[in-house]
Each structure stands twice: as structure tokens, then as C-alpha cells.
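Computed from a predicted model, the values in this text were never measured in an experiment. When a ligand or atom number is given, it counts from 1 through the structure's own listing order.
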Amino acid sequence: MRAWTSPDVPHLPVTGPAVRVHDSASDAAVEVVPEGPARIYVCGITPYDATHLGHAATYVAFDLLNRAWRSAGHEVRYVQNVTDVDDPLLERANATGENWEELAESQTQLFRTDMEALRVLAPDEFVGAVEAIPLIVPMVQRLQEAGAVYAVDGDLYFSVTADPAFGEVSGWDPETMLRVYPERGGDPERPGKKDPLDCLVWQAERPGEPAWDTELGRGRPGWHVECSAIAREHLGTTIDVQGGGSDLVFPHHEMSAAEAQVADERPFARAYVHAGMVALDGEKMSKSKGNLELVSRLRQQGADPMAIRLALLAHHYRGDWEWTRGDLDAAETLLASLRAAVAQPAGAPTDDVVRDVLAALADDLDAPRALEVLRAWAERTGAGSQGPGGESEAGAGDVVRRLADAA
Ligand SMILES: Nc1ncnc2c1ncn2[C@@H]1O[C@H](COS(=O)(=O)NC(=O)[C@@H](N)CS)[C@@H](O)[C@H]1O
Ligand SMILES: [Zn+2]
């Protein structure tokens, strides 16, 4: 599936420090030292109600990681899926009377344009669940060979106990898992399952639903195995980072890791990185609640996408926070002062600016601190001071422009 067009990544005059990022599994900041290209899999959208600010916050967060690794001298290999067939998408299409494939395609295209507007670097592989069926089926067969799959009325389930490390991604106890599981697509009560936490890897055809003829029978893939299969195919294992919003830590990332670990008998990822939840009107922004602010609607109302990006960067990626109109107003003010300062023919020295911004991003993607450094530089530069000791003609503005681009 086509991804989108990436903005240029400016070459910075220095190499940034090694990147540390918070790993949910160890609940600690870890220095992920990629062997060769940094390999990251970030879960993509289920394509409806795209691109709400929660989605955008999460993808901008992982864009920071992508850029911080590049500033530290690493190549990055970035893979992202699109869950273009799954219960929530089919339910939405049925509810609105839309064709589910057209809904998926139009929403994925809207997502692409929003990501381009927010200057998020495109993944190297952008893979839909439907187009991934030919690589999901062999992965399920691999799990069958490992004795980790069983059938319930024609549907195929993965036995979570097949992975001794099951539970290490979230660190949750079984009671917590069982409480949350039904809210996030799980079916713990289904009769015939060996363990209530076992998850679907293949669902036999249901009346009125799309289905594909495969060696597993006629049906469609489970959600979790889609991501482990796509990640294994395009990145191999053990990958450096599996990423997504914090609502994916369980069941999704727990199950994806367990399936990949049984298939490959090695850890799925070195770190599991999760972005906090963005709320609106007091509740997590979500499709089911309908309390969504969309990037495209803000853009239609005239918001500068760079102000939207700055508004997202003003909050630490791991925090849960509430979107307000004031976030955008504050970002527009900051954007104007940065642009005014960068436009000056000379400005305050920038050596420490570059160093401090890169250090902030390398420290668990501390974008708020990086913005503070840029704001302070802009104030020192002012919008019109030709102050003594100003950098050369192109020095200040050009470096900071590149930094702002890089953030
Ligand atoms: N309110 C929110 N705040 C922050 N991130 C969110 C929010 N809602 C969803 N996300 C994140 O946005 C990404 C896409 O969410 S999604 O459209 O529901 N799709 C999925 O979660 C699956 N397609 C992953 S394979 C996920 O990483 C999810 O955790
Ligand atoms: Zn996923």
C-alpha cells in the first residue's frame, strides 16, 4: 500500500546523543542501541474517524523517535500497518451504510494527507491487513506447527500459555487483563476456549462479512496476528521498538509479542513504547465516544498544520492530556515568534540551542523541553534585534529553521 511523501530531513551540523526511551515492559527508560538500521513498528490506524488528534499525537510522538535516531546517526527502518479489515471497521461501515472497502480507502487517504501536513516522516512499508493475508496465513500455520493454535467452531485461537513470557509487555495480572479484554475486542466468555485470554488468529466467514479463501479455511485474520506477521515479514525479529498508544499495551501488543515469540522463539521487541491518551471534553478521544477533534477539520478552519504539530509537541508524549482550543492558540503564538526570529538576518548564538534540543529529544523524546530551548533562543534573538555577537547572516536562522524542521 502506498505510504505518503516525507518532508526533507535537514542535515544537522552535529550528531545527537544516544536515544533513551521509556519501555513499558521494564517500566524504565532504556537506551535502544540498534544493530544496523533502527527497526521500528508503529501500529497504524483502523481507517475510520481519521485523523483525530489522539492518532496525530501518537504518530507525531513516534516521528520524534524516528528523527532523534536519525540525528544520533542511525538509519531507520519504519513499518506501519492499516487495519483495513476488522470488527470495528465493519461495524462502522454497516452503521453508516458505507461500503467497508471504500470507507477504508477514503479514510486511509485522508490519514496520508494529514500525516503529510503534519510533516510526519512516512514509513518505509505501509501495509494493509487485507494485502497482508498471504503472510498472516503462514504465520498462523507456524503457530499451528508449534501446537499453539486450536479451533473453536471453525475459528482459530492462539493459546497465550504457549509463550512463557506472556504478560511481560503489560506487566498486568490476569484479573486486570480479564477486566479490560472485553472492552478491547477480546471474548473471554466464549465457550470452548482453553483459556479466556486466548485470542483469535483466524475468524471463519460470518454471513454478510468479507472473507478470503485460504489454507486456514474461508475467513479473515485476527487483529493481533496482523501486526506480528507484518512486523516479522518486513523487519524480522527482534525489532528495536514496537510502538503505539497506551491503549494498545494490552491486549494488542501483549498478544502480538506472544505470537511472534512463539513463532520465532526469541523476543519480539527490545522496547515497547506507548504514547499517552489525548482527551476531549473530559474523556479519551475515541471513535466509540465520538468526542473527536480532527486534524482535517482544524485545517479546514484555517489552522496551520505546523501550529497543530507544535500544540501536540507542547505535551510530553507519554502523558495523558486534554485538548483545548487554548492549546492551538498558544502554539500559533509560539510558531509566529519562532518564524519571526528565524527570519532575522542574524540572531543569538545557536551552538547550545542545537545541543540542548537534541539532548532533550534523546531524553525520552522530551519535546516540551526542546520547545522551551527554541522559545528562549527566539526571545534572545527578538524580532528585529541586530544584537552584537549575532550569528553570521545565514547561521542562526538557518540552523534553527533546520532544528524546527527536525523537531
Ligand atoms: N485518544 C487517543 N490518544 C492518543 N492515541 C490514540 C488515541 N486513540 C487512539 N490512539 C492511538 O492511535 C493509533 C491508531 O488507533 S486506531 O485507529 O484505533 N487503530 C488501532 O489501534 C489499530 N489499527 C492498531 S494495529 C493507536 O496507536 C492508538 O493507540
Ligand atoms: Zn497493531
Side-chain angles (χ1 to χ4, degrees), residues 1 24 40-63 65 79-92 103-104 107-108 110-111 114-115 118 120 123 125-130 132 136 169-170 180 183-185 199 221-232 234-235 239 241-260 268-269 272-295 311-312 315-323 327:
M1 183 182 278
S24 297
I40 177 168
Y41 183 91
V42 177
C43 284
I45 58 166
T46 299
Y48 65 93
D49 287 346
T51 310
H52 65 63
L53 288 174
H55 294 146
T58 289
Y59 296 117
V60 166
F62 289 98
D63 192 48
L65 177 55
V79 175
Q80 185 173 113
N81 69 309
V82 178
T83 305
D84 57 0
V85 66
D86 198 21
D87 295 352
L89 179 72
L90 300 178
E91 283 156 19
R92 168 57 65 92
L103 174 63
Q107 288 288 300
T108 302
L110 179 58
F111 175 74
D114 289 335
M115 289 298 105
L118 292 175
V120 170
E125 302 289 345
F126 192 50
V127 186
V130 173
I136 294 169
V169 172
S170 62
V180 172
E183 298 159 17
R184 296 179 177 176
C199 66
W223 172 27
H224 313 306
V225 70
E226 152 190 345
C227 286
S228 34
I230 291 169
R232 290 174 71 238
H234 293 288
L235 292 172
I239 68 176
V241 165
Q242 154 79 321
S246 57
D247 60 346
L248 296 187
V249 69
F250 186 89
H252 187 48
H253 287 170
E254 193 76 75
M255 300 291 182
S256 298
E259 290 162 350
F268 175 54
Y272 295 87
V273 181
H274 294 103
M277 292 289 109
V278 179
L280 184 69
D281 306 335
E283 285 200 87
K284 165 185 176 279
M285 222 177 267
S286 82
K287 306 160 177 173
S288 48
K289 296 189 181 73
N291 58 334
L292 303 172
E293 184 55 90
L294 301 180
V295 169
L312 299 174
H315 298 270
H316 192 270
Y317 82 95
R318 272 194 300 124
D320 296 335
W321 54 281
E322 170 122 16
W323 170 266
D327 284 291

How close does the nearest protein non-hydrogen atom get to [atom], and which residue and atom is it?
atom                    : value
atom 28 (C) of ligand 1 : Asp247 OD1, 3.5 Å
atom 27 (O) of ligand 1 : Gly245 N, 3.0 Å
atom 8 (N) of ligand 1  : His52 CE1, 3.4 Å
atom 2 (C) of ligand 1  : Gly54 CA, 3.5 Å
atom 20 (C) of ligand 1 : Gly44 O, 3.5 Å
atom 17 (O) of ligand 1 : Lys287 NZ, 2.8 Å
atom 3 (N) of ligand 1  : Val278 N, 2.9 Å
atom 15 (O) of ligand 1 : His55 CD2, 3.7 Å

Approximate separation, where rounding is to 0.5 Å, of [X] [atom1] and [Y] [atom2]:
X      : Y      : atom1 : atom2 : result
Leu292 : His55  : CG    : NE2   : 8.0 Å
Glu322 : Glu283 : CD    : CD    : 9.5 Å
Asn291 : Met285 : CG    : CE    : 6.5 Å
Leu280 : Leu53  : CG    : CG    : 8.0 Å

His315 versus Asp327, side-chain donor and acceptor atoms under 3.5 Å: yes
Show the atoms of ligand 1 that are less than 4.0 angstrom away from any heavy atom in [X].
X      : result
Cys227 : 25 (S)
Met285 : 1 (N), 2 (C), 8 (N)
Gly244 : 27 (O)
Gly276 : 3 (N), 4 (C)
Ile45  : 14 (C), 17 (O), 19 (N), 23 (N)
Cys43  : 24 (C), 25 (S)
Tyr59  : 13 (C), 14 (C)
Thr83  : 22 (C), 23 (N), 25 (S)

Test: Arg92 and Asp49 ion pair at under 4.0 Å: yes
Just heavy atoms, cut-off under 4.0 Å: does [X] contact ligand 1 by side chain, backbone, both, or neither?
X      : result
Thr46  : both
His252 : side chain
Asn81  : side chain

Which pair of heavy atoms, one from [X] and one from [Y], lies closest together, and at what distance?
X      : Y      : answer
Ala132 : Val127 : CB-CG1, 4.0 Å
Ser246 : His274 : CA-CB, 3.8 Å
Ala56  : Met115 : CA-CE, 4.5 Å

Side chain to side chain contact (heavy atoms under 4.5 Å, CB included) between Ile230 and Val79, intermediate numbers included: CA-CA 8 Å; Ile230 291 169; Val79 175; 3.9 Å; yes
Side chain to side chain contact (heavy atoms under 4.5 Å, CB included) between Val241 and Tyr41, intermediate numbers included: CA-CA 6 Å; Val241 165; Tyr41 183 91; over 6 Å; no
Name of the residue among Val82, Thr83, Asp87, Asp84 meeting side chain to side chain contact (heavy atoms under 4.5 Å, CB included) with Thr46: Thr83
Working for side chain to side chain contact (heavy atoms under 4.5 Å, CB included), residues Val273 and Tyr317: CA-CA 10 Å; Val273 181; Tyr317 82 95; 3.8 Å; yes
Full working for side chain to side chain contact (heavy atoms under 4.5 Å, CB included) between Trp321 and Met277: CA-CA 7 Å; Trp321 54 281; Met277 292 289 109; over 6 Å; no
Atom name, His252 (N, O or S, nearest to the Zn ion (ligand 2)): NE2
Metal check, the Zn ion (ligand 2) vs Cys227 N/O/S, cut-off below 2.8 Å: yes
N, O or S of His224 under 2.8 Å from the Zn ion (ligand 2): no
Backbone or side-chain N or O of Glu226 under 3.5 Å from ligand 1 N or O: no
